[in-house]
Structure formats: C-alpha cells, structure tokens
Amino acid sequence: MRERQRQRQNSDMAKDSDYGAFMEKFVLQPSPSAHELPLSALTFAVKDIYDVDGYVTGFGNPDWARTHPAAMSTAPAVLAVLRAGATCIGKTVMDEMAYSINGENIYYGTPRNPCAPDRVPGGSSSGSAVAVGTKLVDFALGTDTGGSVRVPASYCGILGFRPSHDIVSTTGVIPMAQSFDSMGWFARDPVILNRVGRVLLQLPDVDPVNPSQIIIAEDCFQLSAIPSDRVTEPLFKSVSKLFEGDLVKHAILGDYVKENVPSLKQFMTKENADQEYNIPSLAALSSAMRLLQRYEFKKNHGEWVSTVKPDLGPGISERVWEAIRTTDENVDVCHSVKTELRAALNALLGVLSLSMLLNASTKLGSSTWKSHNPTVIFLKISLELNM
C-alpha cells in the first residue's frame with residue numbers, strides 16, 4: 001500500500017512539470033548521419049506499450065511492470081523514427097492494459113488535457129497526446145485498437161493518424177486485440193504528421209492521388225450533438241477548393257452495412273433496434289467487434305490476469321474480467337463479419353467521412369462516458385479494417 005501511495009505522489013509531482021504526460025524520461029539519440037534526415041531535430045515520445053531496449057514496458061499497470069523483465073530489443077516503429085533522425089525523450093502514461101479510451105490512470109495519474117484541464121484527455125494513448133498538445137515533443141507514438149489515437153487527438157485539439165491495419169509493424173508492441181491493433185502517431189503540425197507518416201509507411205516522395213469520391217455518411221452525422229451542416233459545409237468548401245469535379249456523395253451507412261454484411265444477422269437484437277440515438281446494423285456490428293476484441297484480449301493476457309490477479313482501476317477491472325469470462329462462441333461468425341465488412345467498405349470507398357465522436361470529452365472522474373454507445377464504437381472499431 002505504501003508503495004502504491006508513493007507511486008501516486010510521484011505522479012502528482014510529475015504533473016507539475018510535464019502535465020502528467022510521462023511515465024519516465026530518458027534520451028535516445030538518433031544514429032549519426034552525414035546526410036540530412038527527414039526527422040532531424042524533432043523530438044518524440046512513445047506510449048508505454050512499445051518495447052525500448054533496457055526498459056520495462058509497463059502497459060499502464062504497476063503489477064504488469066513488476067512481473068515483467070526489461071525489454072531486450074526496441075520496437076521497429078521506434079527504431080524507424082530514430083533512424084530517420086528524431087530524438088526520443090521518454091515513455092508516456094497510458095490507460096491500464098489499453099482497455100479504456102478515457103485516458104485516466106489511478107496509479108500514474110491522468111495526463112492533463114491542454115484544451116480542457118477539467119476534462120479527460122482521451123485514451124488509451126493519453127500521455128502521448130498530451131505531450132504533443134503541450135509542446136513537450138514534436139510528435140509521439142501511440143496505438144489504436146478502438147480509437148486510442150483518434151479519440152485523444154480529438155479531445156486534446158491535435159492531429160492523430162491511425163493507418164490501415166497491419167500496414168506498420170506492431171512487433172515489439174504489447175498486443176491488445178490483434179484483429180484491430182494498429183500503431184499510430186500524433187503531431188500539432190500537419191507537415192510533421194506527414195513527415196512521420198512517410199517514414200513509418202515507407203512512402204516514396206510522390207504527388208498524392210486525388211480521391212475518386214468523398215462519401216458523407218448522413219445517418220452517422222445525424223447522431224452528433226453538433227448540427228450536421230456545421231460539419232459538412234466546411235467539408236464541401238474544402239473539397240471544392242482542393243479538387244475539381246463533383247466528388248461528394250451521400251450514403252446511409254447503416255443500410256449499406258445491413259445489405260452487404262449478411263453474417264451480421266446473428267448480432268441483430270431487439271435491444272439494438274429499440275435503443276435511442278442508434279443505428280441498429282452499426283450497433284450489431286459493434287457487438288460483433290467487441291466480442292472478438294474480448295476474446296483476443298483473453299487469449300493474449302488471460303493467463304497472466306488469472307495468475308497475478310492484478311489490482312486494476314475502476315472500469316478497467318470490470319472490462320478485463322468480462323473479457324476473461326468470454327468463450328469462443330460466435331467468434332467464427334465475428335471473423336466472417338469482419339471479412340464481409342472489409343469487402344463492403346473497400347467497394348464503397350473513396351473517402352468515407354463520418355462523425356467519430358458525438359459529444360465533448362467527459363469531466364474528470366465521471367463514472368460514465370456519454371458517447372460510449374454501440375454506434376460510436378462501430379465508428380471507431382469497424383474502421384480498424386484494412387480499407
């Protein structure tokens with residue numbers, strides 16, 4: 001108990017100097033080069049889910065850190081940006097076991113949202129987002145399974161990018177649910193976001209390809225607390241300015257998914273259909289995706305959780321133990337849903353524009369997250385697929 005109190009005191013002191021963003025600070029210098037490198041003179045931080053040689057990967061929980069040795073190698077994604085000239089200055093706070101998108105951590109403290117200090121920063125890559133938003137680093141690495149880059153980027157007023165699934169190596173990253181896990185990155189400056197992306201995605205320096213169409217998912221925008229025209233009108237103007245031709249199309253995404261993902265019928269329930277502010281087919285899709293996520297989490301960490309019985313924070317504990325109780329019933333159907341959805345979205349796109357979050361971030365310490373409804377989960381999780 002005294003050790004846990006000491007950890008909380010240390011995290012409180014850290015908040016004063018770095019907004020609570022960092023787990024630990026150290027410096028990893030890039031390799032010397034005779035040539036100008038794409039990320040020279042930039043600093044970055046990494047979420048405490050990436051292996052860094054010689055450091056324990058803490059996964060947001062002191063019991064995990066206590067029961068795991070220091071990493072013997074550094075994750076390829078971290079090495080890639082180091083070799084491109086960037087300097088790492090430390091590891092950042094994350095939600096325990098990456099099983100939340102609020103950004104709160106009872107042991108290491110909650111990183112302070114630079115845009116709204118009385119509200120959560122979003123997670124689980126909370127520290128990485130806050131480090132960027134408070135100008136402590138130029139960019140930061142996070143991970144995104146169900147929104148863990150996109151949500152904190154939104155809440156902290158910065159840019160976040162999650163590439164398509166399996167495009168960037170997740171070797172040396174503790175898995176959460178491999179069917180959805182992806183690395184991602186944050187920056188304040190779109191130019192830096194692009195430069196980091198070109199390194200991680202190994203993109204040649206070529207002109208971008210114009211989209212064939214930009215699709216407005218009208219039913220999804222109708223769920224937002226913000227009037228849809230306030231979002232779509234600036235989009236129309238930007239598209240007209242950037243591209244020639246009539247690229248903007250409209251779609252009812254819920255109907256499209258229902259028609260093109262036949263395996264989803266098994267997850268269509270009366271509860272989904274009757275829920276207010278919901279799109280039944282997308283809520284059903286969320287149910288399938290969350291089942292697969294829980295099952296894969298159990299396969300990855302069930303033995304450790306059952307053996308160690310870690311002391312987990314509120315909300316995290318309930319989700320983790322719900323995952324541990326998950327069986328393989330309907331998991332094969334989940335994989336069928338995933339395959340059908342990927343094909344359907346690949347056939348649809350273009351660029352799909354939809355509302356990812358329905359409301360502002362919640363107050364710190366709130367017991368509920370009002371945006372956490374099944375359709376919102378679909379908007380974050382289903383797009384983990386390689387589109």
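Keep in mind that this is a model prediction, so the values were computed, not measured. We number each residue from 1, following the sequence as shown.
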Judged by atom type as modelled, is there a donor-acceptor pair below 3.5 Å linking the side chain of [X] to the main-chain atoms of [Y]?
| X | Y | value |
| --- | --- | --- |
| Asn113 | Ala116 | yes |
| Asn102 | Val120 | no |
| Asp219 | Gly254 | yes |
| Asp144 | Gly147 | yes |

Item checked: Charged N-O contact under 4.0 Å between Asp255 and Lys258 -> no
Check: Can you check whether Thr143 reaches Met94 side chain to side chain, under 4.5 Å on heavy atoms?
Finding: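 With C-beta onward as the side chain, the pair stays apart.
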Margin query: Would Leu136 and Phe22 count as a side-chain contact (heavy atoms from CB on, under 4.5 Å) here? Give the steps.
Written below: CA-CA 10 Å; Leu136 297 173; Phe22 282 89; 4.0 Å; yes
For the [atom1] atom of [X] and the [atom2] atom of [Y], what is their distance to the nearest 0.5 Å?
| X | Y | atom1 | atom2 | value |
| --- | --- | --- | --- | --- |
| Asp166 | Gln178 | CG | CD | 10.0 Å |
| Asp311 | Ile316 | CG | CD1 | 12.0 Å |
| Phe59 | Glu96 | CZ | CD | 10.5 Å |
| Ile174 | Tyr50 | CD1 | OH | 11.5 Å |

Check: Would you call the rings of Trp64 and His68 parallel, tilted or perpendicular if under 30° counts as parallel and over 60° as perpendicular?
Finding: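 Taking His68 first and then Trp64, their aromatic rings lie parallel (interplane angle under 30°).
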